[in-house]
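Each chain gets a letter, A, B and so on, in the order the sequences are listed, and its residues count up from 1. Only this structure's heavy atoms are used, side chains among them; waters, hydrogens and symmetry mates stay out.
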Protein chains: 2
Amino acid sequence: MVAHWTETLKDKGFRLTAPRKAIVDQVSRYADPFTAEEVYQHLKKQGVGRATVFRTLKLLHELDILVRVHLEEGCQHYQLGVATSSHPEHHHDRIICRMCGSISYLDECPMKKNVADIAKRSGYRVQGRHLDLYGVCRSCDQ
Amino acid sequence: MVAHWTETLKDKGFRLTAPRKAIVDQVSRYADPFTAEEVYQHLKKQGVGRATVFRTLKLLHELDILVRVHLEEGCQHYQLGVATSSHPEHHHDRIICRMCGSISYLDECPMKKNVADIAKRSGYRVQGRHLDLYGVCRSCDQ
DNA sequence: CAAATTAATGATACTCGGTATCAGGTATTT
DNA sequence: AAATACCTGATACCGAGTATCATTAATTTG
């Protein structure tokens, strides 16, 4: 599965370097959202630079391999995307655990049926949405 | 209406100082979301310090006079709250114009009826939500 | 396979939003 | 008017992220 992402890199004309391999490999180990700083702390002993980590995560995001997560703490968190599904960039319906940060995506878009009605009433031309539900996931909820 | 907010400050035991008056006054002039930096740029010639602007906006937010807006550009934007309504802190259903940044709040929470169902299916205990619709408002939509 | 070319790297300095500190100043209390 | 809070501006600082740039590594070309 790491191989799959390195393929994507090569296919798009990016070079498959040692730092990039290390970053992709590290990233694939996280189940929960992570920051660039965390990745850097794991890889700096191998000689991977901070700037490279930031650059590479940004690249992986642009390639839809990672999704960005706003955990409201002011800094970027990333997570492996559910990007193999039909619309990689349109995962706007999420449910986020406040304890562990895990994110699930809602299969059905509960808002879909309401959008037309809202557009009419608000006078807006609605183009997109971003729905985050917050709560506690089953394994954190004791 | 500025008087109303200065009242709120006094009522809660905060002092009504010249910098605070200037900030509240400036803030009340904005129709669109604004940043602390913008406020500071307007008031520094009057001798108001940067730290004071940040501190005061934070305070006004804590008093529910301002709402925070995440415009996805990495920095805080504020806007005068619709805080006189029943739940000042629970305005999680918004519609945001991508052209001018203006924000409207949806009176009815279209998600309310779906939450129980989502909770059951996802296994999460749902505590809150944050819904942003993006689009173009009527006056920007030509 | 070697040389030329192009992309990627790590170090560093820097930006930017925001916060902590702290001595001096200004409201309020007595 | 004096005491006591609180608030202020200046400054230094922090953390996330980016720009620069000389060096290095991957690819392309011969």
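Atoms CG (Leu59(A)) and P (dA7(C)) sit 14 Å apart, rounded to a whole Å. Per the geometry, CZ belonging to Arg20(A) stands 19 Å off P belonging to dT24(D), to the nearest Å. One interatomic measurement links the two molecules: CD of Gln41(A) to C1' of dG15(D), which rounds to 12 Å at whole-angstrom precision. Spacing between atom CG of Leu9(A) and atom P of dT27(D) amounts to 11 Å, rounded to whole angstrom units. To the nearest angstrom, P of dT8(D) lies 12 Å from CG of Leu43(B). In this entry the distance linking NZ of Lys58(A) with C1' of dG17(D) reads 9 Å, nearest Å. Glu38(B) has its CD atom 14 Å from the C1' atom of dC16(C), to the nearest Å. Spacing between atom CZ of Phe14(A) and atom P of dT6(C) amounts to 17 Å, rounded to whole angstrom units.
For Leu66(A) against His61(A), the heavy-atom pair with the smallest separation is O-CD2, 3.2 Å.
For Ala36(B), taking side-chain heavy atoms from C-beta onward, the closest of the listed nucleotides dT19(C), dC7(D), dG18(C) is dG18(C). For Val48(B), the listed nucleotide lying nearest its side chain is dG9(D); candidates were dA8(C), dT19(C), dG9(D). Closest contact between the side chain of Pro19(B) and the listed nucleotides dT8(D), dT9(C), dT19(C) involves dT8(D). For Thr52(B), the listed nucleotide lying nearest its side chain is dG9(D); candidates were dT27(D), dT19(C), dG9(D).
Side-chain atoms of Glu38(A) come within 3.5 Å of backbone atoms of Thr35(A) as a donor-acceptor pair (strictly under, hydrogens ignored). Judged by distance alone, the side chain of Arg50(B) and the main-chain N or O of Tyr40(B) form no donor-acceptor pair under 3.5 Å.
Side-chain contact between Leu57(B) and Phe34(B) is present, with at least one heavy-atom pair separated by less than 4.5 Å.
Checked for salt-bridge contact, Asp25(B) and Lys21(B) miss the test: no charged N lies under 4.0 Å from a carboxylate O.
Residue-to-nucleotide proximity on DNA chain C shows that, of Arg15(B) and Arg55(B), the 5′-proximal contact is made by Arg55(B). The residue among Glu37(B) and Ala51(A) whose nearest nucleotide of DNA chain C lies closer to the 5′ end is Ala51(A).
The shortest distance between the side-chain N/O atoms of Thr17(A) and the OP1/OP2 oxygens of dA25(D) is not below 4.0 Å. Lys10(B) has no side-chain polar atom (N or O) that falls below the 4.0 Å cut-off from OP1 or OP2 of dA27(C).
Residue contacts for Arg50(B): at a heavy-atom cut-off of 4.0 Å it reaches a base atom on one of the strands shown.
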